[in-house]
Amino acid sequence: MLSLFSSVETYLCKALERSLPDLGLIPGNSCLSIDPQLVSASKPEFGDFQANCALSLAKKMKRSPRDIANAIVEQLEEDDDFLEICEIPKIAGPGFINLTIRNECLIKELKDRLGDDRLGVPHNVVNKGKDQASSVVVDFSSPNIAKEMHVGHLRSTIIGDCLSRVLEFLGHSVVRVNHVGDWGTQFGMLITHLNEVSPQALHKADSVDLGDLVAFYREAKKRFDDDEHFRTKSRHEVVKLQGGDLLALKAWQLLCDQSRREFQKIYDRLNISIHERGESFYNPYLKSVVDELTTKHLVVTDQGAKCVFLQEKSQDSRKAPPVIVQKKDGGFNYATTDLAALRYRFKQTPEGDGATRVIYVTDAGQANHFDGVFQVAQRANWIPEQGRVQHVPFGLVLGDDGKKLKTRSGETVRLCDLLDEAVDRAKIDLCRRLNEEGREEDQAFINKVSTTVGLASVKYADLSQNRITNYQFSFDRMLSLQGNTAPYLLYACVRISGIARKGGDLETTGDNLSFCERYEWDLVRQILKFDEIIIQVEEELLPNRLCNYLFELSQVFNRFYDQVPVLKAEQPFRNSRLVLCRLTAETLRLGLGLLGIPTLDRM
RNA sequence: GCGCCUGUAGCUCAGCGGAUUAGAGCAUCUGACUACGGAUCAGAGGGUCGGGAGUUCGAAUCUCUCCAGGCGCGCCA
């Protein structure tokens with residue numbers, strides 16, 4: 001409906017100019033244009049769109065809102081181009097102008113969707129030309145080397161992947177960056193521990209399997225805490241590593257490789273592609289970051305540390321906390337790294353990524369940190385004029401008790417365990433159902449369905465929630481077959497495949513489309529809304545908007561399916577309904593695909 | 001103490017300037033399988049949108065204030 005929307009908006013603007021020639025006299029308005037305040041209708045019974053401008057113009061023009069609305073509608077009624085797409089407008093309530101798209105026009109739109117693999121969603125590069133194609137950096141997932149991926153990485157990984165998919169689909173060139181924690185003082189103790197536990201690892205060509213890296217990390221940490229001798233050696237090892245000592249670097253590399261393999265297993269399982277560019281990548285740039293900030297007179301030395309003091313918005317007399325860019329021992333910290341990364345991402349290629357938009361998908365707790373980093377980068381002029389930098393925060397993952405999710409023994413939940421459990425539960429559920437229905441399916445089917453349903457449920461449950469709030473994790477709820485869940489949406493897809501199996505030709509042409517039932521028109525309208533939802537997600541970076549749309553689409557489809565026969569209908573209704581089935585299936589497949597969820601034909 | 005975020009139906013949450021009844025889902029209750037998978041559909045009950053003030057023709061939505069909860073707070077990331 002995007003193109004219809006903008007057509008209607010254009011006609012409205014023209015009607016406004018013609019009906020209210022003295023618009024320009026309103027203080028604060030240029031005479032050329034005024035916003036007709038066109039939005040989607042707030043309720044289906046009001047039509048497709050509504051224009052709200054009459055109400056806000058009323059006071060300024062000292063006329064009644066209904067009077068103004070009348071004047072606008074009079075002009076619209078004389079515009080033949082407008083009447084081609086819209087029914088005669090209705091004025092409702094205090095002065096809303098309700099607009100309903102003509103049926104023929106909806107049918108034409110629907111036809112245009114057939115054979116269009118973008119389902120009406122505009123492509124950025126095609127639309128704006130190659131020069132406008134923008135490069136977007138999405139920074140997400142970012143686990144720490146030598147630690148395991150756990151629930152804490154779940155949301156960033158899933159949300160980041162989804163946003164990347166949406167931006168890619170819209171034609172942006174997306175750089176998916178895994179900003180892994182692969183540098184820092186913890187490597188001192190890890191390398192020291194490795195040297196003692198498995199010294200042969202450093203001298204063999206092939207890397208050695210270190211087994212459970214988490215256990216390894218824990219052992220090293222324990223020794224670091226307990227043993228002063230070990231502590232001294234560790235600190236020495238950090239210095240060696242930072243100084244470029246070959247053996248230390250080799251140990252570091254070994255640890256990184258080991259972790260990388262473990263991370264990759266999770267990404268493969270979730271079908272997520274991401275490119276590692278860890279903190280260490282920015283080491284060569286750290287010094288120049290501080291130098292440049294110093295040259296630009298942003299740096300103040302305070303208690304031995306080099307700081308950039310933030311400019312405050314509030315009048316509070318207290319000093320805002322500084323962003324520390326160099327510690328008093330001369331070392332750099334994470335703020336320095338983030339600044340180096342930000343500068344690099346906006347710099348033109350080949351010195352940088354040439355990004356026009358940089359997106360950070362991290363938990364809401366880092367909001368202050370990013371505020372500070374962004375402000376410093378802004379003041380240092382590292383963000384180009386057209387550049388956008390956004391922190392995309394999300395809340396914590398909570399357990400049933402409303403507290404941070406932990407295992408029963410109080411430990412952090414490992415991501416692979418969590419995924420295993422989702423798939424196991426999906427399998428148990430499926431087998432119980434097969435048993436109840438007396439169905440027989442082979443093992444391959446059972447495995448495929450339970451894997452797809454299990455992982456889809458985890459992803460969908462996360463994405464369907466507004467990411468800003470904390471998120472209460474519940475296997476029972478996410479795997480439930482009813483409600484706003486992945487299985488419900490997947491079931492809608494399965495039903496359509498069922499129609500195809502029973503002889504419905506989903507490749508049927510869109511000639512002679514004809515609809516007669518309310519449920520058909522509801523479905524037509526819902527299908528046509530897809531394009532504006534995707535544009536909304538691009539702008540707001542809220543995947544739950546897409547989930548909500550897909551859930552509503554499934555609901556509307558299920559109502560249709562329940563009330564309107566497809567295969568037994570007479571022509572031309574049979575074909576028309578098959579077209580609706582086909583477009584529903586394609587929209588669900590594409591939409592779920594953008595969430596990172598594959599669909600099924602049977603389940 | 002300061003900063004950020006969140007308080008909407010019994011529960012989990014949408015909505016974040018607009019239209020008599022503030023929406024879903026779960027749970028509860030009542031109906032519907034001789035149509036394509038009932039893993040569905042139709043319906044009912046359930047809310048002074050944390051409290052108070054303000055802006056507006058109009059506020060769950062914007063502003064201020066108070067209350068409650070979460071998270072963070074100079075050399076960890």
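Here is the naming used below: chain letters follow the sequence lines, and residue numbers restart at 1 for every chain. Keep in mind the model is a prediction, meaning the values are calculated, not measured.
When the P atom of B:G18 is taken as reference, atom CZ of A:R66 falls 20 Å away, rounded to whole Å.
The side chain of A:E437 sits closest to B:G37 out of B:G15, B:G37, B:A19. Across B:G70, B:G3, B:U12, the shortest atom-to-atom separation from the side chain of A:N368 is found for B:G3. Distances from the side chain of A:I468 to the nucleotides B:A77, B:A39, B:C5 place B:C5 closest. Set against B:A77, B:G70, B:G37, the side chain of A:Y334 has B:A77 as its closest nucleotide. Of the candidates B:A77, B:C4, B:C36, B:C4 carries the atom nearest the A:A367 side chain, counting heavy atoms from C-beta on.
Helical stems involving RNA chain B, defined as 3 or more consecutive Watson-Crick or G-U pairs under 3.5 Å, span B:1-7 with B:67-73, B:10-13 with B:23-26, B:28-32 with B:40-44, B:50-54 with B:62-66.
Side-chain to base pairing of A:N98 with B:A19: one donor and one acceptor N or O lie within less than 3.5 Å of each other. Taking only distance into account, the side chain of A:Q50 meets the base of B:A19 through a donor-acceptor pair shorter than 3.5 Å.
Residue contacts shown for A:P94 are absent, as no nucleic acid heavy atom lies under 4.0 Å away. Using a 4.0 Å heavy-atom cutoff across all strands shown, A:D363 reaches no nucleic acid atom at all. Residue A:A305 is in base contact, counting any heavy-atom pair closer than 4.0 Å across all strands shown. Backbone-only contact: A:G365 has heavy atoms under 4.0 Å from sugar-phosphate atoms and none from a base.
Ring planes of A:Y282 and A:H179: tilted class, angle from 30 to 60°.
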